[in-house]
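These notes are about the structure you will find just below.
In what follows, every heavy atom counts, from backbone to side chain, and hydrogens, waters and symmetry copies are set aside.
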Amino acid sequence: MTDADASGGSKPELRFVVCGAADAAAFSFETDTRRFVGFDMPDGGRYTRNWFAEAASADLALVLADARTGVSARTRRHLYIAALAGVRRAILAVDNVDLLDCGGDAFAAISEECRGFARELGIDEVDAVPLSARAGEDVFAAPWHDGPTLMKALEGAEIDRGDTAAERERPTRSADQFAVHLVWTGAEPMLPGRPYAVRFAGASAVAQVTDLTHRVEVETLRHLAAKTLAANQIGYCKIALDRPVPFDTGAAGAFELADRFSGATVGAGAIRFALRRASNIAWQETGIDKAARARAIGQRPCVVWLTGLPGAGKSTVADLVERKLQAAGRHTYLLDGNNLRHGLNRDLGFTDRDRVENIRRVAEVAKLMVDAGLIVIVALISPFRSERAMARGTMEEGEFFEVFVDTPVEVCEARDPRGLYAKARRGELANFTGIDSPYEAPETPDLRIDTTALPADRAADEVLRLLRTRGSRAGDRERSS
């Protein structure tokens, strides 16, 4: 906005969002009777939350359509987002009508299509106006159109957002689980269970999509079964946060999701309501805690998390570590990824979505075992940095040690103890890490083991040395107090 635009005077102001714009822009202008403030939004993650915020205070949506192509998927998506933000009135501006011989018929058909779609979204009032692109005009008067031009429609708009003021005065509540509408904008698909940074107005947390109830097919508004969301798709989800945050529903509950490593925006949405279970569940305090259990068995609990490619030697090293700890009188448990898939994780496959859930479950089990006072050794491919960071985050400081069993893929493939690499190369095994599924190597592990230079027995000794020197004293008996 310019300084002159910002002055505004005493003229009444109309705020609107533009559905179907190609570029992001905030703009304003005035007529003799009114001041107007508009906001355009193209498709793109970094704009979506801003557009939600603008729509939350908008009086109407200006819907753009081309007479030659009709109401586009992008326009429908933007109109859907506007409706989520509480917009209840729209003006449909149909451009290029003058380029068609049957301009009036096309205009009527597009107007009816848009009105029908808007009604299903809860937008009951839609005024339609034609535009002309031939002479660069912003307004267009045609013999078959007896309604107002665009400017007349904007100047004459009388909008009431209902109980907006009452909603803003309602006491703020807090919760950590919500039902939400989510617009996904990330290049990579949304993965339920993966931790994302969530940002509300004045609050932030870590969020996981715990359930994708359905995906919305914006063109038809049908609810479709889905396990994930791709770029520009919209879903109805349940999300869980790592802490309660103050919130409101609808537009006032707009939020943004971001990748925890890059900070890039990957989605935005609006809260529909807090889940009842969020307020009905409280932590039950008990008389015996982790410290008491650890003292009873004379050790400090921790997790040793071994990650690496299939065939890297994780299970071999993990087994040797447990043997050596047992020989020293330690209380341990080994969680091996292969063994867990026979029971706890037998329902999971090897897609990215299933791998995320696999790691989440193992991390939660490891946390419980640490709470019991045990030294837990985990041998798991765990290919994603995000989920390994999530696993670390479930533990207290000094309780989690990431060990990268660093074996080149060609060495792992040459070993191929179960013939899995060969199957993957023949196309008989999909989503195999190192072949057609990625492995994100740790950037700063607590310990890196090069199995091409270090025998497994010495590698296990390096893990024990790590535990002794990094403060866990897992290899030594706890001193009595």
For this session: Start with the C-alpha gap between L241 and F200, add the side-chain angles, then the distance that decides, and say whether side-chain contact (heavy atoms from CB on, under 4.5 Å) holds.
Result: CA-CA 12 Å; L241 279 54; F200 298 86; 3.8 Å; yes
Exercise. Got a sec, which residues hit ring pair (Phe, Tyr, Trp, His ring centres under 6.0 Å) with F117, two or more places apart in sequence or on another chain?
Worked result: none
Exercise. For E13, what residues pass the salt bridge (charged side-chain N to carboxylate O under 4.0 Å, His left out) criterion, not counting sequence neighbours?
Worked result: R15, R35
Exercise. From L182 CG over to F255 CZ, what is the distance, rounded to the nearest 0.5 angstrom?
Worked result: 5.5 Å
Exercise. Is it true that the side chains of T307 and Y439 contain a donor and an acceptor less than 3.5 Å apart?
Worked result: yes
For this session: Starting at CD of Q208, measure out to CG of L191 and round the result to the nearest 0.5 Å.
Result: 11.5 Å
Problem set entry | Over 12 non-hydrogen atoms of neighbours within 6.0 angstrom of CZ in R426 | yes
Problem set entry | From CA spacing to verdict: side-chain contact (heavy atoms from CB on, under 4.5 Å), S111, L92 | CA-CA 7 Å; S111 300; L92 170 66; 4.0 Å; yes
Exercise. Would you find a donor on one side and an acceptor on the other, under 3.5 Å apart, between the side chain of R353 and the backbone of K227?
Worked result: yes
For this session: Kindly state whether the ring of F400 and the ring of W305 have centres lying under 6.0 angstrom apart.
Result: yes
Exercise. Rounded to the nearest 0.5 Å, what separation is found between the CG atom of L380 and the CG atom of L306?
Worked result: 10.0 Å
Problem set entry | Worked verdict on E387 versus R355 for salt bridge (Lys or Arg N to Asp or Glu O under 4.0 Å) | CA-CA 9 Å; E387 278 59 58; R355 288 182 188 277; over 6 Å; no
Exercise. Ignoring hydrogens and geometry, is there a side-chain-to-backbone donor-acceptor pair from K314 to L309 under 3.5 Å?
Worked result: yes
Exercise. So, for V356 and P192, which heavy atoms are closest and what is the spacing to 0.1 Å?
Worked result: CG1-O, 3.5 Å
Seminar exercise, completed: Only one of E113, E219, E217 passes side-chain hydrogen bond (donor to acceptor under 3.5 Å, both in side chains) with R76, and that residue is E113
Exercise. Got a donor-acceptor contact below 3.5 angstrom from the D242 side chain to the V206 backbone?
Worked result: yes
For this session: Please name the pair of heavy atoms, one in S382 and one in I359, separated by the smallest distance, quoted to 0.1 Å.
Result: CA-CD1, 3.6 Å
Exercise. Under the side-chain hydrogen bond (donor to acceptor under 3.5 Å, both in side chains) test, which residues partner D371, sequence neighbours left out?
Worked result: R293
Problem set entry | Side-chain donor/acceptor of H145 to backbone N/O of P148, under 3.5 Å | yes
For this session: Considering only NZ, NE, NH1 and NH2 on the basic side and carboxylate oxygens on the acidic side, decide whether K423 and E428 come within less than 4.0 Å.
Result: no
Exercise. CZ of R360 to CZ of R194: how many Å apart, nearest 0.5 Å?
Worked result: 14.5 Å
Problem set entry | Donor-acceptor pair, side chain of R199 and main chain of A205, under 3.5 angstrom | no
Seminar exercise, completed: Heavy-atom closest pair (H223 atom, V216 atom, distance to 0.1 Å) is CD2-CG2, 4.4 Å
Problem set entry | Check against side-chain contact (heavy atoms from CB on, under 4.5 Å), E188 and D259 | CA-CA 10 Å; E188 299 296 324; D259 183 270; over 6 Å; no
Exercise. Does NZ belonging to K238 count more than 12 external heavy atoms closer than 6.0 Å?
Worked result: yes
Exercise. What distance separates S72 OG from H78 NE2, expressed to the nearest 0.5 Å?
Worked result: 8.0 Å
Exercise. K11 side chain to T31 main-chain N or O, any donor-acceptor pair under 3.5 Å?
Worked result: yes
Problem set entry | Exercise: identify the closest heavy-atom pair between L154 and R34 | O-NH1, 3.2 Å
For this session: Given salt bridge (Lys or Arg N to Asp or Glu O under 4.0 Å), test E402 with R388 step by step and report yes or no.
Result: CA-CA 8 Å; E402 183 181 53; R388 296 196 300 268; 2.8 Å; yes
For this session: Validate the cation-pi geometry between R260 and F384: distance from NZ or CZ to the six-membered ring centre under 6.0 Å, angle to the ring axis within 45°.
Result: no
Exercise. What residues, two or more places apart in sequence or in another chain, satisfy ring pair (Phe, Tyr, Trp, His ring centres under 6.0 Å) together with Y236?
Worked result: H181, H214
For this session: Under the salt bridge (Lys or Arg N to Asp or Glu O under 4.0 Å) rule, what do D354 and R341 come out as? Steps first, then yes or no, please.
Result: CA-CA 11 Å; D354 284 344; R341 285 186 176 274; over 6 Å; no
For this session: List the steps, then state whether salt bridge (Lys or Arg N to Asp or Glu O under 4.0 Å) holds for K290 with E399.
Result: CA-CA 12 Å; K290 177 168 57 179; E399 288 184 344; 2.7 Å; yes
Exercise. Has the side chain of T220 got a donor or acceptor atom that lies under 3.5 Å from a matching backbone atom of R222?
Worked result: yes
Exercise. If only atom types and distance count, is the side chain of N345 paired as donor or acceptor with the main-chain N or O of L348 below 3.5 Å?
Worked result: no
Exercise. Yes or no on side-chain contact (heavy atoms from CB on, under 4.5 Å) for L14 and V37, after CA distance, side-chain angles and deciding distance?
Worked result: CA-CA 6 Å; L14 181 80; V37 178; over 6 Å; no
Problem set entry | Parallel, tilted or perpendicular, as decided by the 30° and 60° cut-offs, for the rings of F16 and F29 | perpendicular
Exercise. Between the side chain of R215 and the main-chain N/O of Q233, is any donor-acceptor distance below 3.5 Å?
Worked result: no
Exercise. Got a sec, which residues hit ring pair (Phe, Tyr, Trp, His ring centres under 6.0 Å) with F432, two or more places apart in sequence or on another chain?
Worked result: Y421
For this session: For F39 and A26, work out which heavy atoms get closest and say how close.
Result: CD1-CB, 3.9 Å
For this session: Verify, without hydrogens or angle tests, whether T75 (side chain) and V71 (backbone) share a donor-acceptor contact under 3.5 angstrom.
Result: no
Problem set entry | Ionic contact status for R89 with D124, cut-off 4.0 Å | no
Exercise. How far does OG of S315 sit from CG of N339, to the nearest 0.5 angstrom?
Worked result: 7.5 Å
For this session: Measure across V63 and L79 and return the closest heavy-atom pair with its distance rounded to 0.1 Å.
Result: CG2-CD1, 3.7 Å
Exercise. Side chains of S437 and N431: is there a donor and an acceptor less than 3.5 Å apart?
Worked result: no
For this session: State which residues pass side-chain hydrogen bond (donor to acceptor under 3.5 Å, both in side chains) with T394; sequence neighbours excluded, sorted by chain then number.
Result: none
